[in-house]
Amino acid sequence: MDMKLSDYHVTTQPFFDELEECTKRVIFATRTAEVRIIDDNSWQLLETENFLQLPSEILFDLVDIELIVPVEEDELKTILARNDAASLDDKSLYMVVQPTASCQLGCHYCGQQHTSKMMSQEDQERFLERVRRKLETKKFESLSIGWFGAEPLVGLPVMRNLTPELKSLAESFGCSYDAKIVTNGLALTDKIATEVVNELSVSAIEITLDGVASFHDMRRMQKNGLPTFDKIFQNVVALARREDLDIELSIRCNVDRQNYESVTLLLQKLASEGIQDRISFYVAPIHSWGNDAHTRSLSKEEFADWEINWFGEMIELGFNTGLVPNLKPVVCMALDSNAELVDSYGNIFNCSEVSYVPTYGTPNKYAIDHLSGKKMPGSRKRLSNFNEEVRQGKYSCSSCPMLPVCGGACPKSWLEGIEPCPSAKHNIEQRLLLTYALSRIEKQEELKKETLVNA
Amino acid sequence: MPDIYDELLQETFLSYQQGCAKNHHISPQISGDIFSEKLQTLTSINLPLYDQLLLRRYDNAREQGLIAARRRQLAVAQQLFEEARTPLEMDKLSNEGKLLHQSFLEQSEAYLDYRQNNFEQVYHRTDAALALDVVLQSEYGYDILLMHRIQLLHNLVRTEARRMNFEKAIILASELLNYLDGNLESLSTPHPWGSEALAKQPQELICAMFAQIASEIALILTAQSRNNVHHLLKIVAKYMHLSANNCHLCHPRAHSWFLLKQAIAQNNIDSFLQRATIFLAEGIADTPLLWYSTILDWLDLCSRLGRVNLSQEIAADAVISNYFPRQMIPLFHKYLHIKKLQ
């Protein structure tokens, strides 16, 4: 039999299912992001590649999910070719705008240098012209704008100027328009939120809370040292309760050694407001922002362990969790040949993690262009060549079974010699077991309901 | 316009409502299932397990490619088809397995060419698939592939329509229908057809294929001027035997549709309304395109006769139906617009 077990799989340790009285494993076929439960006996057959002894129904299913593949197949080549093709097919023009270099906060882990610079009228016009030229290059289905900071709401006048023009551009090219914003949430009062959603067509909002007040305010204080938690939390709760606004609200919690214990408290506080089913919540490890912030991070393994605890708590409190990762053919904007970020100085990047970061020099070594046409030191290829570099075996992604569902995480970090592997790489087994446990609980509840109905 | 049509228009409207109330029974999915089931039974008997597994792996890539092409993800489609070509270069795969895989792959890639308006290549690939099917039919006993060959020619009907060669499209479609009705021994392609091969096919599959091709004709005609419709229906009549006595035909309902379409094209309003009344009362059944094309003709007639009010409910109702063919949305919008103006 010239078939083999795919390299792209993760399996849990065996566990005893008391209901079915047999030993099982959960398998994650990462090439298709499909999960299967398999008895340990079948797993032994799989592992030893005695495929013919598997029942044909199972055998065909495992071929369908690409867990069993032809011996000759160069799997890495297949995955990267699919990823490259997905990048080429992107029908959305994604443009990130940093309307200002200003931010009210002085987070200790932030690597950005904030100034009062707002995007000038001239640069706004140049930016619109640049978007127009891009829209002319091929048939896009949508124009997607990301408002980033510094703090984008400090640059609200720029957002107000640009949005109608961008919407009109999208319309003239037959594209839909959508926008998202990543904000610290301090200025996101009821009135501003209404404007942002209704007038500026923002449909997704991400706000960062680094734990409850006692932790958050030690890290995400205003530049003058004043606390921010109460105001931001109040804004979050008010926004989550708004029935009249159609938005996706996401809360990000950045953690390192100083605040990881506060995640649970924050989850409980959010749940006590009854908004857990109206928001999505995720925890992110602090990473290097051109600085040494990552040195205070939890180790990858520690973070992964804690994350499983947080998942458990989220489930108990009624939050939605995304336990099993999906396919990630296009890892980030660097791999999207049209996507760009423009900062308030007119610098253009193909990465959202490098602008305003002084350690990258002046001019910024990652800047690939400037709205004025001024020559900049960076090149798009520096980060966009990532898949090719993986193909050449430059990074450990080339032998990682998680590549199809992670995409490589962060080309810039790899380039800087920092391993950016996501937590799922370290806790995927626990995630799979948790998923299985949840499915069993749901099944049991269904059975109970059925029994009650039949009775 | 005389009031004599009022009663007939009203009757048609009532039969439309009657038709809506009927249970819908859409069969293209079912016919696809029958075809796949028959083919799978044959491959599971004929091919060694390794061939089956290998083909399954690359058939999945081909099918994903087809889905991507439908979504206009052309680079992804191209990549997946390239992936799906892999087993054709493998020594280990049997010749039978290769022929089968290649035939379906050529068809799928032809669809990508069609989406990219590369019509010469569509023909090239379709010819290749037809030739492969003939070998599989004659040398390996895949009788069911006759229906695949008809499907391939149906794809060419669509291609010609896309190229605005409507006459050519209608001639080929009419020939196919006549063949499916058992009135033709051969088609104008350099491959064997014959009634014996057709007799081996499941009747419900023949019937579904007939409905599919008749629907293609309906779609072509809806986009034409009245003069053109008249002209193209003459071609249909030349190639097909259209008769009110339809008990021996493989799809009597589709034949009824041709007759009512002929009536409206000849401006025989009485006849059209009488036939449409019967046709619409039967509901959508397995031919949503024929049903909605009839409604479109009826709406057009109402508009010509100045009976706009009567048609509004139908137009508004139609576009929200689950069975409404998306290809017809722009044609129905005209009638919804009338409503807005009023």
Side-chain angles (χ1 to χ4, degrees), chain A residues 1-6 29 31-34 46 49-92 138-142 174 327 329-330 335-338 387, chain B residues 36-37 39-94 97-98 101 105 108-109 112 115-117 329-330:
Chain A
M1 173 64 57
D2 290 339
M3 302 292 278
K4 65 180 176 184
L5 179 63
S6 165
R31 282 180 57 161
T32 51
E34 291 281 347
L46 257 179
E49 301 194 342
N50 283 311
F51 304 132
L52 288 181
Q53 290 178 46
L54 286 165
S56 63
E57 209 179 291
I58 293 180
L59 182 57
F60 284 125
D61 178 52
L62 298 181
V63 171
D64 286 345
I65 64 167
E66 298 180 15
L67 187 68
I68 297 176
V69 294
V71 166
E72 298 84 353
E73 183 165 351
D74 179 341
E75 294 192 84
L76 178 63
K77 190 178 158 195
T78 303
I79 291 157
L80 292 173
R82 286 179 187 177
N83 290 0
D84 284 341
S87 293
L88 288 173
D89 268 342
D90 203 338
K91 300 278 194 305
S92 175
K138 73 173 203 184
K139 175 70 194 131
F140 288 101
E141 286 172 3
S142 62
L327 290 176
V330 184
L335 277 286
D336 174 344
S337 58
N338 293 294
N387 282 347
Chain B
S36 305
E37 213 175 281
L39 189 62
Q40 210 180 325
T41 309
L42 274 170
T43 54
S44 63
I45 297 166
N46 289 6
L47 298 177
L49 184 60
Y50 174 67
D51 274 27
Q52 290 178 48
L53 294 175
L54 207 58
L55 289 182
R56 187 135 181 155
R57 155 72 185 93
Y58 292 107
D59 228 34
N60 286 336
R62 179 188 66 78
E63 275 174 19
Q64 291 300 314
L66 206 49
I67 291 168
R70 285 194 191 114
R71 291 178 181 160
R72 289 206 162 275
Q73 296 167 331
L74 304 183
V76 170
Q78 188 90 48
Q79 169 52 36
L80 287 163
F81 290 147
E82 205 178 305
E83 207 175 301
R85 284 225 157 244
T86 315
L88 301 180
E89 278 120 48
M90 287 179 173
D91 296 334
K92 295 169 191 167
L93 187 62
S94 68
K98 275 185 190 174
H101 186 63
L105 184 54
S108 302
E109 290 196 77
L112 179 60
R115 296 300 303 244
Q116 294 172 308
N117 294 337
I329 291 172

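Convention: sequence-line order gives letters A, B, ...; per-chain numbering from 1.
- Of the listed residues (A:Asp64, A:Leu88, A:Asp84), the greatest number of heavy-atom pairs within a distance under 4.5 Å of chain B belongs to A:Asp64.
- Residues B:Leu53 and A:Leu59 share a closest heavy-atom pair of CD2-CG, 3.7 Å.
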Criterion side chain to side chain contact (heavy atoms under 4.5 Å, CB included) on A:Phe60 and B:Leu49, from CA distance to verdict: CA-CA 10 Å; A:Phe60 284 125; B:Leu49 184 60; 4.1 Å; yes

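- Atom OG1 of B:Thr86 is separated from atom CD of A:Glu72 by 9.5 Å, given to the nearest 0.5 angstrom.
- Other residues, nucleotides and ligands contribute only 12 or fewer heavy atoms inside 6.0 Å of the CD atom of B:Gln40.
- When heavy atoms are compared at a cutoff of 4.5 Å, B:Gln73 approaches chain A by way of both its backbone and its side chain.
- In this structure, the side chain of A:Lys91 engages the main chain of B:Arg72 through a donor-acceptor pair within 3.5 Å.
- Scanning both residues, B:Leu54 and A:Pro70, for their nearest heavy atoms gives CD1-CG, 3.4 Å.
- Side-chain contact between A:Ile68 and B:Arg57 is absent, with no heavy-atom pair separated by less than 4.5 Å.
- Contact tally against chain A (heavy-atom pairs below 4.5 Å) for B:Gln52, B:Arg56, B:Gln79: the top residue is B:Arg56.
- Atom CD of B:Glu37 sits in a sparse spot, with 12 or fewer heavy atoms from other residues, nucleotides or ligands closer than 6.0 Å.
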